[in-house]
Student: 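A single structure is presented below for examination.
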Amino acid sequence: MASLPKDPPEDGTKQSFWMPGNYVRTVHRTEQSYRACNDIVACFMERAKVEKQYAQQLSQWSSKWKSIVDSRPLYGSLMRAWQCFFTSTERLSTIHSSISQSLVAEEGDRVKTWQRETFPKKLFCGFKESYDNNTSFSRAQRPWSKKLIKLEKAQSAYHKSCQREQAAIDKEKQANESTEMSPEKKQKFTEAKEKATAEKEKMRDQYEKLLEDVTAYTPRYMEEMEAIFDQSQEEERKRISFLKQAFLSIHRHLDITNNESVKAVYGELHQTLMSIEEQEDLKWWKNNHGPGMVTNWPKIEEWVPPVKRLKRKKRDRKESRPVMIGGVKVRALYDYVGEEGDELSFKAGEVFLKVEEEDDQGWCRGVLSEGKEGFYPANYVEVVE
């Protein structure tokens, strides 16, 4: 999970995994992966806050404008359509609040739990995986690294001997070209060149032998290093696989385009908007504020005697007057709506039975046709002949 370099390093040979100490990048990858998990959790916890704040803003917007719209002079299907935006927004607010809670409670906790289980630590040594990889890589590389150091020293000695030989050759050539130098001195330059050449050949033999030794050991070295690297790769593969699934799960929470609840919200909103009906709204206005309103046109209104309620007490059946045998049929002269639980309600013209004579407050007891019994004003009825 470590980031890839944008450009290849200047000296690829020195940066090679196989060179001494360069395995540390793989060792450090474990710590880098751990920090990446922290960043992932922090990233999407912040996104959860964004979702929560958005949900709150939606709710605040809906509450503010709903109260404003309710006071506006719209009516009918147009008013219902406008109000539907607010009910839809409240539902969307709930959905985004749920997304926020899911990111925190599900995804955040899941990644944290996995992180604790995947990155165990070794006392005083950091992560156990890093410690084990570093120990294994170091052990596998140590013999090859020692051979490589000897080889580099032999190479350096060989190259220096080549330089000395070349210097001896140049001096011998200058001596041979000189007409003033004695043959004895020229001979000394020739002997120095031969000695330098012999020394060079000796250094080359040592260099070749050490190179053969390093070359012979390299397959074993590569096998051991690759085995450790492959084990590290497998651990990293598991981490990548888990985080891939975590990202996909987060995507499912955030992708409201496939959320059935969101589809339902906008589907119902669209249906409400399409149900705006001009003629129905105009008809409603006509019947409630226009010529279609119910009007009590002027007409003769009969006088209705007042009902005396002063000092009337509810009477127990035991204290009431004797019940008339069979009762007397009476007809209501006026509409009356009972205001207490023991009073009857009736319409003008309705016939029922009077079962008790008028008391001193002007009330009688009667029984309606459906069987309900109660009191009524005596002057509101007449006896049916």
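Computed over heavy atoms, backbone and side chain alike; hydrogens, waters and symmetry mates excluded.
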Student: CD of E177: more than 12 outside heavy atoms within 6.0 angstrom?
Tutor: yes
Student: Should we say atom CZ of R25 is surrounded by more than 12 heavy atoms from elsewhere, each under 6.0 Å from it?
Tutor: yes
Student: Can you check whether E172's main-chain N or O pairs, donor with acceptor, with N176's side chain at less than 3.5 Å?
Tutor: yes
Student: List the steps and the verdict of side-chain hydrogen bond (donor to acceptor under 3.5 Å, both in side chains) for N38 and Q115.
Tutor: CA-CA 9 Å; N38 288 337; Q115 186 184 29; 2.9 Å; yes
Student: Which residue pairs pass the salt bridge (Lys or Arg N to Asp or Glu O under 4.0 Å) test when at least one of the two sits in residues 136-154, sequence neighbours left out?
Tutor: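 Applying salt bridge (Lys or Arg N to Asp or Glu O under 4.0 Å) to every pair that reaches into residues 136-154, excluding sequence neighbours, yields K147-D213.
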Student: What is the distance from atom OG1 of T26 to atom CG of N133, rounded to the nearest 0.5 Å?
Tutor: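 Result: 8.0 Å between the selected atoms.
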Student: Does a donor on one side chain and an acceptor on the other come within less than 3.5 Å for D70 and Q83?
Tutor: yes
Student: Is there a side-chain hydrogen bond (donor to acceptor under 3.5 Å, both in side chains) between Q166 and D170? Walk through the geometry before answering.
Tutor: CA-CA 6 Å; Q166 185 62 46; D170 292 341; 3.1 Å; yes
Student: Under 4.5 Å side-chain heavy-atom separation, chaining through any Ile, Leu, Val, Met, Phe, Trp or Tyr, what else clusters with Y217? Say none if it is isolated.
Tutor: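 The other cluster members (ILVMFWY side chains, heavy atoms under 4.5 Å, direct or chained) are F17, W18, M19, Y23, V24, V27, F137, W144, L148, L151, Y158, M203, Y207, L210, L211, V214, Y221, M222, M225, I228, F229.
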Student: Is the CD atom of E370 crowded by more than 12 outside heavy atoms at less than 6.0 Å?
Tutor: yes
Student: Side chains of V381 and F352, heavy atoms from C-beta outward: is any pair under 4.5 Å?
Tutor: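 Yes, at least one pair of side-chain atoms sits under 4.5 Å.
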Student: Check whether any side-chain N or O of S345 sits under 3.5 Å from a backbone N or O of V337 as a donor-acceptor pair, and report yes or no.
Tutor: no
Student: Linking Ile, Leu, Val, Met, Phe, Trp and Tyr through side-chain heavy atoms less than 4.5 Å apart, which residues share a cluster with L248?
Tutor: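 None, because no other hydrophobic side chain comes under 4.5 Å of this residue.
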Student: So with a 6.0 Å cut-off around CZ of F85, is the heavy-atom count from everything else above 12?
Tutor: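 No.
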Student: Please list all pairs meeting salt bridge (Lys or Arg N to Asp or Glu O under 4.0 Å) that have one or both residues in residues 38-47, counting only residues at least two apart or in different chains.
Tutor: R47-E51
Student: Could you tell me the separation between the CG atom of D109 and the CG atom of L103, rounded to the nearest 0.5 Å?
Tutor: 11.0 Å
Student: Suppose we screen for salt bridge (charged side-chain N to carboxylate O under 4.0 Å, His left out). Which residues come up paired with R204, at least two apart in sequence or across chains?
Tutor: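 If we apply the salt bridge (charged side-chain N to carboxylate O under 4.0 Å, His left out) test to R204, skipping adjacent residues, the hits are E208.
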Student: List for me each residue that meets salt bridge (charged side-chain N to carboxylate O under 4.0 Å, His left out) alongside R237, sequence neighbours excluded, and say none if there are none.
Tutor: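 In terms of salt bridge (charged side-chain N to carboxylate O under 4.0 Å, His left out), with neighbours along the sequence ignored, R237 is linked to E234.
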Student: Quick one: do I95 and L254 end up in the same hydrophobic cluster if we chain Ile, Leu, Val, Met, Phe, Trp and Tyr together by side-chain heavy atoms under 4.5 Å apart?
Tutor: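 Yes, because I95 and L254 connect within a single hydrophobic cluster, where side-chain heavy atoms sit under 4.5 Å apart.
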Student: Supply the members, apart from V384, of the Ile/Leu/Val/Met/Phe/Trp/Tyr cluster built from side-chain contacts under 4.5 Å; use none for a lone residue.
Tutor: V351
Student: When you measure from the side chain of S100 to the backbone N and O of A48, does any donor-acceptor pair fall under 3.5 Å?
Tutor: yes
Student: More than 12 heavy atoms of other residues, nucleotides or ligands under 6.0 Å from CE of M293: yes or no?
Tutor: yes
Student: Using the benzene-type ring in the case of Trp, are the ring centres of Y376 and Y336 under 6.0 Å apart?
Tutor: no
Student: Got a donor-acceptor contact below 3.5 angstrom from the D335 side chain to the A348 backbone?
Tutor: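 Here the side-chain-to-backbone pair exists.
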Student: Applying side-chain hydrogen bond (donor to acceptor under 3.5 Å, both in side chains), can you list everything that pairs with E277, at least two apart in sequence or on another chain?
Tutor: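 Per chain and number, E277 pairs via side-chain hydrogen bond (donor to acceptor under 3.5 Å, both in side chains) with no residue.
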Student: Would you kindly say whether S161 and E199 are connected by a side-chain donor-acceptor distance under 3.5 Å?
Tutor: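 Side-chain D/A pair, S161 to E199: absent.
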Student: Which is it for K286 and L282 under the side chain to side chain contact (heavy atoms under 4.5 Å, CB included) test, yes or no, and what are the steps along the way?
Tutor: CA-CA 6 Å; K286 178 180 178 180; L282 294 175; over 6 Å; no
Student: Salt bridge (Lys or Arg N to Asp or Glu O under 4.0 Å) between K195 and E191: does it pass, once the steps are laid out?
Tutor: CA-CA 6 Å; K195 182 179 179 182; E191 292 175 353; over 6 Å; no
Student: Please find out if less than 6.0 Å separates the ring center of F86 from that of W65.
Tutor: no
Student: For K186, enumerate each residue passing the salt bridge (charged side-chain N to carboxylate O under 4.0 Å, His left out) test, keeping only those at least two apart in sequence or located in another chain.
Tutor: none
Student: Nearest 0.5 Å, what's the SG-CD distance between C364 and E358?
Tutor: 5.0 Å
Student: After noting the C-alpha distance and the side-chain angles of K128 and D132, does the key distance pass the salt bridge (Lys or Arg N to Asp or Glu O under 4.0 Å) rule?
Tutor: CA-CA 6 Å; K128 183 178 184 301; D132 291 344; 2.8 Å; yes
Student: I'd like to know if the side chain of S98 reaches the main chain of T94, judged simply by a donor and an acceptor atom lying under 3.5 Å from each other, with no hydrogens or angles considered.
Tutor: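 Checking the backbone N and O of T94 against the side chain of S98, no donor-acceptor pair under 3.5 Å is found.
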Student: Around atom OH of Y54, are there more than 12 heavy atoms from other residues, nucleotides or ligands closer than 6.0 Å?
Tutor: no
Student: Using the rule given for side chain to side chain contact (heavy atoms under 4.5 Å, CB included), can you reason through T118 versus R239, listing the C-alpha separation, both sets of side-chain angles and the distance that settles it, and then say yes or no?
Tutor: CA-CA 8 Å; T118 306; R239 290 191 281 267; 4.1 Å; yes
Student: Which pairs count as salt bridge (Lys or Arg N to Asp or Glu O under 4.0 Å) when at least one residue sits in residues 262-276, sequence neighbours excluded?
Tutor: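 Sorted pair list: R91-E268, E260-K263.
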Student: Once you round to the nearest 0.5 Å, how far does OH of Y75 lie from CG of N288?
Tutor: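 Result: 10.5 Å between the selected atoms.
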Student: Is a side-chain donor or acceptor of S93 paired with a backbone partner of T89 at a separation under 3.5 angstrom?
Tutor: no
Student: Flag the pair L353 / K329 as yes when at least one side-chain heavy-atom distance between them is below 4.5 Å, and no otherwise.
Tutor: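 In contact.
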Student: Would you compute the distance between atom CZ of R331 and atom CZ of F346 and round it to the nearest 0.5 angstrom?
Tutor: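 With rounding to 0.5 Å, CZ (R331) is 13.0 Å from CZ (F346).
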Student: Got a sec: does the NE2 of H159 have more than 12 other heavy atoms crowding it under 6.0 Å?
Tutor: yes
Student: Could you walk me through whether E129 and E235 pass the side chain to side chain contact (heavy atoms under 4.5 Å, CB included) check?
Tutor: CA-CA 9 Å; E129 180 182 331; E235 294 301 320; 3.7 Å; yes
Student: Taking atom types as modelled, is there a side-chain donor on Q245 or R110 under 3.5 Å from an acceptor on the other?
Tutor: no
Student: Using side-chain hydrogen bond (donor to acceptor under 3.5 Å, both in side chains) as the criterion, list what pairs up with K200, not counting sequence neighbours.
Tutor: E165
Student: Would you check, one step at a time, whether the test side chain to side chain contact (heavy atoms under 4.5 Å, CB included) holds for I256 with H96?
Tutor: CA-CA 9 Å; I256 61 174; H96 283 282; 4.3 Å; yes
Student: Report whether I276 and W285 are members of the same hydrophobic cluster (ILVMFWY, side-chain heavy atoms less than 4.5 Å apart, transitive linking).
Tutor: no
Student: Would you compute the distance between atom CD1 of I169 and atom NZ of K193 and round it to the nearest 0.5 angstrom?
Tutor: 6.0 Å
Student: Donor-acceptor pair, N379 side chain versus P305 backbone, under 3.5 Å?
Tutor: no
Student: Look only at the side chain of S63 and the backbone of Q60, and say whether a donor-acceptor pair between them is shorter than 3.5 Å.
Tutor: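 Flag not set: sc S63 to bb Q60 has no pair under 3.5 Å.
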Student: Is W82 linked to M274 within one hydrophobic cluster, defined over Ile, Leu, Val, Met, Phe, Trp and Tyr using a side-chain heavy-atom separation of less than 4.5 Å?
Tutor: no
Student: Looking at residues at least two apart in the chain, or sitting in another chain, which of them share a salt bridge (charged side-chain N to carboxylate O under 4.0 Å, His left out) with R80?
Tutor: none
